[in-house]
Amino acid sequence: MLQNASDCLEVRVTASSREEAERLCSAAVGERLAADAQIIAPVESTYWWAGEIQRSDELLLLMKTTVERFEDLARRLREIHSYEVPQIVAVPLVAGTADYLGWIRQETSPGPSDGAGSHT
(Lines give C-alpha, C1' and ligand atoms only; values in the text may rest on other atoms or scores of the structure.)
Protein backbone atom coordinates (compact mmCIF):
# COMPACT_ATOMS: atom_id res chain seq x y z
CA MET A 1 0.00 0.00 0.00
CA LEU A 2 1.36 3.40 -0.96
CA GLN A 3 1.67 6.11 1.64
CA ASN A 4 2.26 9.86 1.46
CA ALA A 5 5.99 10.53 1.77
CA SER A 6 5.96 14.30 2.27
CA ASP A 7 8.36 14.06 5.23
CA CYS A 8 10.94 11.93 3.35
CA LEU A 9 13.66 13.07 0.95
CA GLU A 10 16.18 11.66 -1.47
CA VAL A 11 19.42 13.63 -1.14
CA ARG A 12 21.76 13.75 -4.13
CA VAL A 13 25.45 14.41 -3.59
CA THR A 14 28.44 14.14 -5.91
CA ALA A 15 31.91 13.01 -4.85
CA SER A 16 35.29 13.24 -6.54
CA SER A 17 36.45 9.67 -5.80
CA ARG A 18 35.32 6.28 -4.57
CA GLU A 19 37.14 6.87 -1.28
CA GLU A 20 35.34 10.16 -0.71
CA ALA A 21 31.99 8.63 -1.69
CA GLU A 22 32.45 5.81 0.82
CA ARG A 23 33.50 8.27 3.54
CA LEU A 24 30.45 10.48 2.94
CA CYS A 25 28.06 7.51 2.87
CA SER A 26 29.55 5.94 6.00
CA ALA A 27 29.30 9.19 7.94
CA ALA A 28 25.72 9.87 6.83
CA VAL A 29 24.43 6.39 7.68
CA GLY A 30 26.69 5.82 10.68
CA GLU A 31 25.49 9.03 12.31
CA ARG A 32 21.85 8.22 11.45
CA LEU A 33 21.52 11.30 9.30
CA ALA A 34 20.47 9.07 6.38
CA ALA A 35 18.76 5.68 6.49
CA ASP A 36 20.76 4.47 3.51
CA ALA A 37 23.16 5.65 0.85
CA GLN A 38 23.96 4.28 -2.59
CA ILE A 39 26.99 5.01 -4.72
CA ILE A 40 26.11 5.21 -8.39
CA ALA A 41 28.66 4.43 -11.12
CA PRO A 42 30.71 7.37 -12.34
CA VAL A 43 28.87 10.20 -14.03
CA GLU A 44 30.39 12.87 -16.24
CA SER A 45 29.64 16.35 -14.93
CA THR A 46 29.81 19.59 -16.89
CA TYR A 47 29.57 22.81 -14.89
CA TRP A 48 30.77 26.37 -14.47
CA TRP A 49 33.58 26.90 -11.95
CA ALA A 50 35.99 29.82 -11.58
CA GLY A 51 34.61 31.46 -14.73
CA GLU A 52 35.22 28.44 -16.98
CA ILE A 53 33.31 25.39 -18.10
CA GLN A 54 34.72 22.33 -16.34
CA ARG A 55 34.24 18.62 -16.97
CA SER A 56 35.00 15.88 -14.49
CA ASP A 57 34.13 12.31 -13.60
CA GLU A 58 32.27 12.09 -10.31
CA LEU A 59 30.26 9.56 -8.37
CA LEU A 60 26.61 10.25 -7.64
CA LEU A 61 25.36 9.41 -4.15
CA LEU A 62 21.70 8.89 -3.30
CA MET A 63 20.68 9.09 0.36
CA LYS A 64 17.27 8.77 1.99
CA THR A 65 16.42 10.90 5.01
CA THR A 66 13.63 12.97 6.51
CA VAL A 67 12.91 16.67 6.16
CA GLU A 68 13.66 16.96 9.88
CA ARG A 69 17.20 15.52 9.47
CA PHE A 70 18.14 17.24 6.19
CA GLU A 71 19.86 20.31 7.69
CA ASP A 72 22.00 18.13 9.98
CA LEU A 73 22.87 15.84 7.06
CA ALA A 74 23.80 18.75 4.78
CA ARG A 75 25.90 20.38 7.53
CA ARG A 76 27.82 17.15 8.19
CA LEU A 77 28.43 16.47 4.50
CA ARG A 78 29.78 20.01 4.02
CA GLU A 79 32.15 19.51 6.97
CA ILE A 80 33.80 16.44 5.47
CA HIS A 81 33.44 17.06 1.71
CA SER A 82 36.50 17.97 -0.35
CA TYR A 83 34.62 20.44 -2.58
CA GLU A 84 34.38 24.12 -1.72
CA VAL A 85 30.74 24.08 -2.87
CA PRO A 86 29.49 20.47 -2.87
CA GLN A 87 26.28 19.45 -4.58
CA ILE A 88 23.85 18.61 -1.79
CA VAL A 89 20.27 18.77 -3.06
CA ALA A 90 17.10 17.21 -1.72
CA VAL A 91 14.29 15.87 -3.86
CA PRO A 92 10.97 15.20 -2.10
CA LEU A 93 9.60 11.69 -2.23
CA VAL A 94 5.98 11.75 -3.32
CA ALA A 95 4.92 8.29 -2.20
CA GLY A 96 6.36 4.96 -1.15
CA THR A 97 5.41 1.75 0.55
CA ALA A 98 4.41 2.25 4.16
CA ASP A 99 7.01 -0.20 5.48
CA TYR A 100 9.89 1.44 3.55
CA LEU A 101 8.94 4.97 4.55
CA GLY A 102 8.55 3.82 8.16
CA TRP A 103 12.03 2.31 7.96
CA ILE A 104 13.51 5.63 6.73
CA ARG A 105 11.84 7.45 9.62
CA GLN A 106 12.96 4.85 12.17
CA GLU A 107 16.58 4.68 11.04
CA THR A 108 17.04 8.45 10.96
CA SER A 109 15.50 9.11 14.34
CA PRO A 110 18.11 10.39 16.81
CA GLY A 111 17.34 7.61 19.33
CA PRO A 112 18.53 3.98 19.25
CA SER A 113 17.11 1.55 16.71
CA ASP A 114 16.79 -2.21 16.72
CA GLY A 115 17.99 -2.30 13.11
CA ALA A 116 15.05 -4.46 12.02
CA GLY A 117 13.33 -3.79 8.77
CA SER A 118 13.94 -3.31 5.09
CA HIS A 119 17.27 -3.25 3.30
CA THR A 120 17.57 -1.32 0.07
**Q** Under a 4.5 Å cut-off applied to non-hydrogen side-chain atoms, are Gln38 and Leu61 in contact?
**A** no
**Q** Got more than 12 heavy atoms from elsewhere within 6.0 Å of CD, Glu19?
**A** no
**Q** Please report the shortest heavy-atom distance between Val29 and Ala35, naming the atom on each side.
**A** CG1-O, 4.2 Å
**Q** For Glu58 and Tyr47, which I'm curious about, is there any donor-acceptor pair between the side chains at under 3.5 Å?
**A** no
**Q** Do the charged groups of Arg18 and Glu22 touch, with an N to O distance under 4.0 Å?
**A** yes
**Q** Say whether, by atom type as modelled, one donor and one acceptor occur between the side chain of Arg69 and the main chain of Arg32 under 3.5 angstrom.
**A** yes
**Q** With heavy-atom distances below 4.5 Å as the criterion, would you say the side chains of Thr108 and Phe70 are in contact?
**A** no
**Q** Show the nearest heavy-atom pair for residues Leu101 and Ala95, with the distance to one decimal.
**A** CD1-C, 4.5 Å
**Q** May I ask you to check whether over 12 heavy atoms, not counting those of Glu68, lie within 6.0 Å of atom CD?
**A** no
**Q** Between CG of Leu93 and CD of Gln3, what distance do you get to the nearest 0.5 Å?
**A** 11.5 Å
**Q** Please answer whether the main-chain N or O of Thr46 pairs with a side-chain N or O of Arg55 as donor and acceptor at a distance below 3.5 Å.
**A** no
**Q** Taking Gln87's backbone N and O only, do any of them form a donor-acceptor pair with His81's side chain (distance below 3.5 Å, no angle check)?
**A** no
**Q** What is the distance from atom OG1 of Thr65 to atom CG of Leu33, rounded to the nearest 0.5 Å?
**A** 7.0 Å
**Q** Using a cut-off of 6.0 Å, state whether more than 12 heavy atoms not belonging to Glu79 lie near its atom CD.
**A** yes
**Q** Counting C-beta onward and ignoring hydrogens, is there a side-chain heavy-atom pair between Glu20 and Leu59 closer than 4.5 Å?
**A** no
